[in-house]
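See structure below.
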Amino acid sequence: MGRSNRAILIGIIFVMVGLIFIIRLFVLQVIDPSYKYYADNNTQRKITQYPSRGLIYDRKGKLVVSNQPVYDIMVVPREVVAFDTTEFSKALDIPREELVEMLYNVKKAVRARKISGFKPSVFYKQLPASQYASFQEKLYLFKGFFAQRRTVRKYEYPNAAHVFGYVAEVNEQALKRDSYYALGDYTGISGIENSYESFLRGRKGARYVMVDVHGREKGPMRDGRMDTAAVAGKDINLSLDIDLQSYGELLMKNKIGSVIAIEPSSGEILSMVSSPGYDPALLVGRERSKNFPILSNDSLFPLLNRAIMSGYPPGSTFKTVMALIGLQEGVIRPSTTFPCSHGFHARGISVGCHTHRSPLNLIESISNSCNAYYCYTFRAVLDNPLIESPKIGMDKWKEYLNNFGFGNRLNSDFFNENRGFVPGRDYYDRIYNGSWASLTVISLSIGQGELLTTPLQMANMTAAIANKGFYYTPHIIKSIENDSLPARFNEIHYTGIDSIHFEPVIEGMAQAVSGEYGATARIARIPGIEVCGKTGTAQNPHGKDHAIFVAFAPKDNPKIAIAVYVENAGFGASTAAPIASLMIEKYLSESIHPSRTWLEQRILDLDLINNEKQ
Amino acid sequence: MRSNSSIKSIDRITVILYLVLVGFGWLNIFAANTDPEGQFVFDLSREYIKQLLWIAISFATIGVLMLIDSKFFVEFAYVFYIITTLLLIVVIFAGVEVNSARSWFQIGSFRFQPVEFAKVSTALAISRVLSRFQFSFTRFQDLLILGVVWLTPVAIIILQNDMGSSLVFFSFLLVFFREGMSPLFLVFGIVAIGIFILTLLIPNYQIELILAAAFFILLYLKKYRRHSFISLAIAAFVYGLSLLFFLERGEANHFAAIIIGMAVASVYLGFVALLRRYGALASYLLLFWGSMAFAYSSDYIYEKVLSDYQQSRIMVMLGLKEDPLGAGYNVNQSKIAIGSGGFSGKGFLQGTQTKFNFVPEQSTDFIFCTVGEEWGFMGTSTVILLFVALLLRLIFMAERQHSSFSRIYGYSVASIFFFHLLINIGMTIGLAPVIGIPLPFFSYGGSSLWGFSILLFIFVKLDTNRTELIR
């Protein structure tokens with residue numbers, strides 16, 4: 001190879017390398033569009049503007065749920081320089097070891113490429129504003145950390161936790177289901193926070209900014225022309241009466257069960273107590289991760305909303321509906337009497353009853369709560385000679401119950417309602433192989449057997465009786481800011497029973513409270529208010545009977561219908577009736593008559609949870 | 001012989017290319033260091049102001065160089081070389097550490113890297129060695145002197161932990177090639193890179209096997225057929241025999257057995273070469289053992305000497321590992337910045353990637369990103385064309401020298417520029433590993449601009465005496 005050839009070869013090498021570079025640059029800069037996309041991703045950052053969640057007021061306009069600021073401490077791992085961990089842990093009020101571990105986890109996540117070393121990630125969630133003040137003063141010491149403001153719920157009362165539900169970060173399912181959400185967004189998980197999420201959440205806004213490699217803002221993109229402002233969530237008013245609610249929770253303290261009060265004329269829920277409950281503030285912000293496991297592991301299930309999720313036998317309170325079915329079917333009249341000799345006895349089947357005079361008419365049967373009367377009535381409905389078989393009678397019976405709202409979700413505001421259970425022909429055909437008769441299922445007549453209802457359904461039944469034949473779907477929403485209520489809450493549901501038939505039943509319920517002979521609920525008498533009520537005691541194979549009481553008042557133009565269910569409290573009159581009457585009195589006259597303060601005190605002192613254990 | 005070269009004979013094309021590159025380079029340093037408003041602030045702490053100062057210093061130096069007699073560079077080549085070599089040693093002890101390399105002197109806020117001047121003086125010294133009367137690449141004595149002059153700075157710079165700069169000195173291979181070194185050495189260079197990559201991919205003993213096979217094939221092709229068969233038989237026999245002595249046939253034992261087999265075969269071939277005076281055979285033997293040693297040491301260096309991040313940089317560059325947030329981050333961001341420029345660029349001072357610090361070392365090693373982002377493909381291809389034009393011009397100028405010293409020096413300049421270009425632009429577009437060496441005239445840094453200017457203009461000065469024999 002001659003020397004001048006070598007010079008040419010070297011020249012060719014230079015030109016070739018230049019050519020390769022130019023081709024590569026042509027591909028990089030002109031042909032491949034992906035780098036422009038990456039570049040935009042690099043420098044444009046969408047900063048989500050979180051709207052504040054809608055406020056929640058009670059029926060009298062009292063603010064019950066509001067918002068409070070918290071601060072997420074963010075970290076840009078690559079920017080962190082060595083700092084005093086002791087100082088940092090003091091500022092966050094966590095043990096130093098925990099902080100060191102958190103820092104180690106960040107390092108691990110960066111190495112595992114779970115988070116970017118150059119972009120901010122949440123380091124410490126939801127530092128309360130009170131702590132943030134002192135943390136902020138020291139923030140300059142910790143390079144690579146900054147704070148981002150968020151809002152979380154603030155509860156003005158330690159009550160109605162089950163009603164409100166709680167707010168937490170969206171889970172993966174919700175992310176998939178609704179494209180509105182992004183990772184790290186908050187959403188209502190249960191209660192009305194969940195039901196009215198779409199109103200309460202508002203609309204996220206976005207600010208587009210240019211950022212440098214450290215995520216520091218360098219000014220708005222295109223002078224902010226693409227920005228959208230966050231729209232605050234809509235405020236809502238609940239039909240809940242927060243004072244009545246907290247009184248109810250006070251009365252139910254140390255008892256297991258539920259109290260539901262409804263305004264019959266509208267279906268508005270005035271109070272929904274599930275006991276034991278918890279302070280809703282326990283599930284806010286950082287507290288939740290600590291408290292949630294404690295609450296969910298509690299043997300008394302405080303997270304369970306018994307008012308809508310527990311199916312109980314309605315017991316004797318069901319006699320009211322049984323009487324109405326009998327009247328509508330024409331198998332009894334108000335004057336119809338049935339004998340009772342300490343119960344109902346037929347073909348070897350006995351349903352016991354307490355001691356009272358016999359025979360009783362319809363009104364007396366309710367006020368005295370006679371079991372035998374309803375066994376006869378039930379048989380008369382099923383074994384009606386006008387229909388072919390008791391099975392068809394059973395179908396009719398079930399239809400009435402469905403019309404009263406039993407056996408199905410009522411479609412209230414709460415998505416997690418229990419259906420309850422109304423057994424029917426199919427059910428008994430299955431378990432008795434098709435051979436059964438009215439006597440086989442006779443205990444249904446007094447609200448026992450397989451029949452299961454939720455306290456909400458019982459309260460709804462009471463409201464339907466108070467309305468003499470119809471009800472509105474129970475709901476706890478009263479109004480939504482600049483929006484209308486869901487249409488289903490304005491629909492009237494008829495029970496299929498003529499209003500005339502309600503007169504004797506209501507009279508019986510009035511007699512049960514204020515009557516003379518054999519009145520089972522005398523304890524519910526309130527001076528100046530005519531209360532109509534019905535006691536119930538549900539047999540409980542696992543322990544002491546459950547006490548039940550349903551009532552409405554005043555008798556004319558009722559303002560409140562209530563169902564009280566206290567587990568393991570014995571006779572309905574002993575615990576449930578006082579609670580119901582105190583609630584009614586509190587709601588209608590706003591104070592407890594001096595002659596009844598002893599009763600209030602007795603209930604407050606009653607401790608069924610801790611006594612049972614002893 | 002004219003005693004003084006005339007200013008008129010200064011190569012105008014080179015000067016113009018130099019001025020255009022320096023000017024465009026400064027604009028990009030300015031762009032990389034201002035906020036989007038692009039305000040010019042006269043403040044000595046700003047990089048673009050400092051660079052302006054360095055440009056002035058460089059111009060002044062060029063003026064002085066033009067006044068110096070060309071003979072001076074020849075006469076004092078070794079003196080410069082010794083001075084800069086000493087500086088390279090001193091900086092290890094007296095210098096400051098930047099990016100883990102101890103290669104900077106710092107006096108006040110003034111910093112410079114002696115390696116920039118070592119490039120110039122080594123180029124002068126090598127030109128001096130190669131231009132000696134009757135220098136031959138086949139004479140051992142000559143090779144020894146050349147090797148010492150060439151590799152002493154490399155060794156010292158490696159001690160400074162400045163890998164990038166030490167690699168630059170390998171650009172002299174092109175000069176050696178031009179001056180008559182066997183082209184095999186260029187092939188060796190490529191083979192060496194191949195071996196290095198192989199060491200990362202496959203176990204050591206397999207590389208040994210490949211090298212041994214290549215060695216025997218080479219012997220066969222080079223008409224040593226008989227000896228290739230005999231030595232292969234010896235090697236295989238000894239290999240098998242020595243394996244018998246090992247209890248287990250693990251990798252390490254294969255490794256050792258191959259070495260023993262090849263060693264015995266080499267003894268045979270060595271005797272043949274000595275008795276028959278086969279010079280080429282001896283050099284093949286040396287080549288083989290050199291490659292073996294290289295394979296072993298590169299594996300050793302990779303595993304034991306290089307840090308984790310250096311290892312992963314190499315792996316990422318070779319495409320053996322994807323890592324956009326770790327070692328690949330620099331290259332990825334650099335490609336994004338360049339790619340986002342499109343055909344015509346975002347416009348002067350309109351770059352967002354470089355301005356918001358997404359690209360690391362944006363005004364030094366990654367200055368080409370600013371060119372790519374703000375001036376687009378038009379800008380980048382222009383810069384490359386300008387550089388290629390300069391390189392070709394330098395070859396052209398070198399070839400027209402009467403004095404071999406000037407010619408060799410000219411090639412040295414071209415080779416050094418070429419290497420910087422190859423690695424620096426190569427790394428910003430993902431074609432070369434991330435090695436921190438500057439882009440001539442573009443990268444911010446006083447001593448680099450100064451050094452490159454001196455390097456170039458000594459040649460421009462020598463070129464004014466192109467028709468003379470400078471002794």
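Letters go in sequence order (proteins before strands), and every chain restarts at 1.
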Atom group of [X] that falls short of 4.5 Å from chain A, counting heavy atoms:
X: B:M378; answer: neither
X: B:L394; answer: neither
X: B:I384; answer: side chain
X: B:A414; answer: both
X: B:F368; answer: side chain

Report, one line per pair, each donor and acceptor closer than 3.5 Å where one atom sits in a side chain of residues 18-28 of chain A; sequence neighbours left out.
residue, atom, partner, partner atom, Å
A:R24, NE, B:I429, O, 2.8
A:R24, NH2, B:I429, O, 2.8

State whether the number of non-hydrogen atoms from other residues, nucleotides or ligands found under 6.0 Å of [X] atom [atom1] is greater than 12.
X: A:K125; atom1: NZ; result: no
X: A:Q148; atom1: CD; result: yes
X: B:R400; atom1: CZ; result: yes
X: A:L183; atom1: CG; result: no

Separation of [Y] [atom2] from [X] [atom1] (nearest 0.5 Å):
X: A:R6; Y: B:Y411; atom1: CZ; atom2: OH; result: 11.0 Å
X: A:F14; Y: B:L174; atom1: CZ; atom2: CG; result: 5.5 Å
X: A:L9; Y: B:I395; atom1: CG; atom2: CD1; result: 9.5 Å

Top contributor to chain A contacts, counting heavy-atom pairs under 4.5 Å, from B:G372, B:S415, B:A398, B:G342: B:G342

A:Q29 side chain vs B:S340 backbone, donor-acceptor pair below 3.5 Å: no

A:I10 vs B:F418 side-chain heavy atoms within contact, under 4.5 Å: no

